[in-house]
Structure formats: C-alpha cells, structure tokens
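In what follows, every heavy atom counts, from backbone to side chain, and hydrogens, waters and symmetry copies are set aside. Because the structure is predicted, anything quoted here is derived from the model rather than measured.
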Amino acid sequence: MALIYIVEDDKNIREIETFALKNSGYQIRDFECAKDFYAKMKEKLPNLILLDIMLPDEDGLSIVKEIRSNPESRKIPVILVTAKTTEIDKVKGLDMGADDYLTKPFGVMELISRVKALLRRCNGMEEDKFYSINGLFLDIEKHAVYVNDEPVELTYKEYELLRLLMQNAGIVTSRDVIMERVWGTDFEGESRTLDMHIKTLRQKLGAAGSMIKTIRNVGYMIE
C-alpha cells in the first residue's frame, strides 16, 4: 500500500484529499506546514508527495527543489497543487522538478486518477502489456483492440482514448484529464471532439461499448 504525504495549509482541502485517497486504499500522512513535513521526511519517506505551492512557512517550489537536491528523496514523485492558473507558474513548477500539476479547484476523481498514474509511472512499475475487461482486449505491444477475439479497427485517437479509460477502469476520468492526455490540450472548445470520439468508439466496440459510461458533468469511465 503506497504511502502519500499531503502538504496543504487549507484544512478543508487537506481533509478532502485525505478522505479521497484513503478511500482509494492509500496510506496518508497530512501536514499543514513545511516544518512538520520535513520532520516526518527524516523518519520515513513516502511513495508520493501531494504539495501545495502556497504554504505559510515556505514556498512549495523551494520544497520541490529541496526534495530533488536530496539523494534519498530526489526520485519521489511530486504533484504540485495550487490556485495559480497561469502557464508560467505551471512551467516553473515542472521545471523545478515536479512530476505533475493540479490547479484548484479540481475534482476528486481527477486527483485519484493522477495519483494512480504517477505512482505507476514513477515507482518502477512497468505498464501492463495488455488490458482485458469482459471480452474487450487491448494489446499494448501490437497496438490492437479485440472484442470477443474479433479485431476492431480504431483510429489513433480512439485507441488512445480507450487505452486511457482501460488503464483507469472503475475510476472516472475527467474531461479535462482526457483532453490533456489524449489531445494535449485543455481547451474547452475541443470538448465536442471528445464527445464525438466517445460516440464512434462505442459504435465500433459494439456491445462492449456499453461499458463506457458517461458521468454527467464530470467525464467518462469504463466498468
């Protein structure tokens, strides 16, 4: 079970993050300031750090710099959380060594999805070579999809969309996350493109397409 450290001075946000991640099976330790966080880091290192940029005693970016300068902690994945929305803040955080970035307000399901994906990517876990759900089979190495052993021809974007949903089976993936991961954009005007791809993907998958569920005002999930 992965251990996650949450560093967030806003009590309400910290409690929401803690509750959501605990319910997803993670061990959580939460801190409202850098001082307490550093003290705990000396006792035990976590598998992932969820770090707010605006803290009362130290800027989150300087904490990232400190984490990356320490040989013992430099490989720990870090997700920055902040109310800042400008592109330069995001770029600066990533350049400082953060692995991912969440902007407040964010959805709980988006948080869980990002944590799960980052732990998978950064903790030495190889990506599964295939995914299989109730007759729906996706082969990573062959870049192929089958329904009940029958091949299904998908476009590149349809394949990437299905792959993302199957990687996060049982978890709602928000529209913003899908647009960023599959299309590389968070432009709201592109959301109709996502809806059309979901529609054609369901059609091509036939009966298996019914496993792709629409979660109103949030995103999509496959179950």
If you define the side chain from C-beta out and look only at heavy atoms, does anything of [X] sit under 4.5 Å from [Y]?
X	Y	answer
Val108	Phe19	no
Met41	Ile49	yes
Leu111	Ile79	no
Val81	Val7	no
Lys104	Phe106	yes

Donor-acceptor pairs under 3.5 Å, side chain of residues 63-73 to any protein atom, not counting sequence neighbours: which ones?
| from | atom 1 | to | atom 2 | distance (Å) |
| --- | --- | --- | --- | --- |
| Arg68 | NE | Gly97 | O | 2.9 |
| Arg68 | NH1 | Arg74 | O | 2.7 |
| Arg68 | NH1 | Ile76 | O | 2.8 |
| Arg68 | NH2 | Ile76 | O | 3.0 |
| Arg68 | NH2 | Gly97 | O | 3.0 |
| Arg68 | NH2 | Asp99 | OD2 | 2.8 |
| Ser69 | OG | Lys65 | O | 3.3 |
| Ser69 | OG | Glu66 | O | 2.9 |
| Asn70 | OD1 | Glu72 | N | 2.9 |
| Ser73 | OG | Ile67 | O | 2.8 |

Shortest non-hydrogen contact from [X] toward [Y]:
X	Y	result
Arg163	Ile140	NE-CD1, 3.6 Å
Ala20	Ile112	O-CD1, 4.0 Å
Leu50	Leu48	N-CD2, 4.1 Å
Ile222	Leu165	CG2-O, 3.1 Å
Ser132	Phe137	CB-CD1, 3.9 Å

Quick one: [atom1] on [X] to [atom2] on [Y], what's the gap to the nearest 0.5 Å?
X	Y	atom1	atom2	answer
Leu118	Lys116	CG	NZ	13.5 Å
Lys22	Ile4	NZ	CD1	11.5 Å
Asp57	Asp9	CG	CG	9.0 Å
Met211	Ile133	CE	CD1	6.0 Å
Arg175	Glu110	CZ	CD	13.0 Å
Leu201	Leu161	CG	CG	5.5 Å

Problem set entry | CA sep, side-chain torsions, deciding dist, call: Thr155, Thr200, side-chain contact (heavy atoms from CB on, under 4.5 Å) | CA-CA 10 Å; Thr155 65; Thr200 57; over 6 Å; no

Problem set entry | Pairs flagged by salt bridge (Lys or Arg N to Asp or Glu O under 4.0 Å) wherever residues 133-155 is involved - sequence neighbours left out | Lys129-Glu141

Exercise. Can you list the steps and then say if Tyr220 with Asp195 is a side-chain hydrogen bond (donor to acceptor under 3.5 Å, both in side chains)?
Worked result: CA-CA 10 Å; Tyr220 296 95; Asp195 295 333; 2.8 Å; yes

For this session: List the steps and the verdict of side-chain contact (heavy atoms from CB on, under 4.5 Å) for Arg181 and Thr173.
Result: CA-CA 11 Å; Arg181 301 288 175 83; Thr173 304; over 6 Å; no

Please set out all donor-acceptor pairs under 3.5 angstrom arising from side-chain atoms of residues 28-35, sequence neighbours excluded.
| from | atom 1 | to | atom 2 | distance (Å) |
| --- | --- | --- | --- | --- |
| Asp30 | OD2 | Arg14 | NE | 3.1 |

Sub-3.5 Å donor-acceptor pair from the side chain of [X] to the main-chain atoms of [Y], do we have one?
X	Y	answer
Lys157	Val182	yes
Asp10	Ile13	yes
Lys11	Glu8	no
Asn47	Leu3	yes

For this session: Show your working on side-chain contact (heavy atoms from CB on, under 4.5 Å) between Glu58 and Leu55 and close with a plain yes or no.
Result: CA-CA 6 Å; Glu58 185 175 352; Leu55 295 170; 5.6 Å; no

For this session: Decide side-chain contact (heavy atoms from CB on, under 4.5 Å) for Ile198 and Arg202; before the verdict, give the C-alpha distance in whole Å, the side-chain angles of both, and the deciding distance to 0.1 Å.
Result: CA-CA 6 Å; Ile198 288 289; Arg202 284 172 172 156; 3.6 Å; yes

Exercise. Does one hydrophobic cluster hold both Tyr131 and Val177, with members joined at side-chain heavy-atom distances below 4.5 Å?
Worked result: no

Problem set entry | SB check Asp176 Arg114 (cutoff 4.0 Å) | no

For this session: Could you point out which residue of His143, Lys204, Glu160 forms a side-chain contact (heavy atoms from CB on, under 4.5 Å) with Leu154?
Result: Lys204

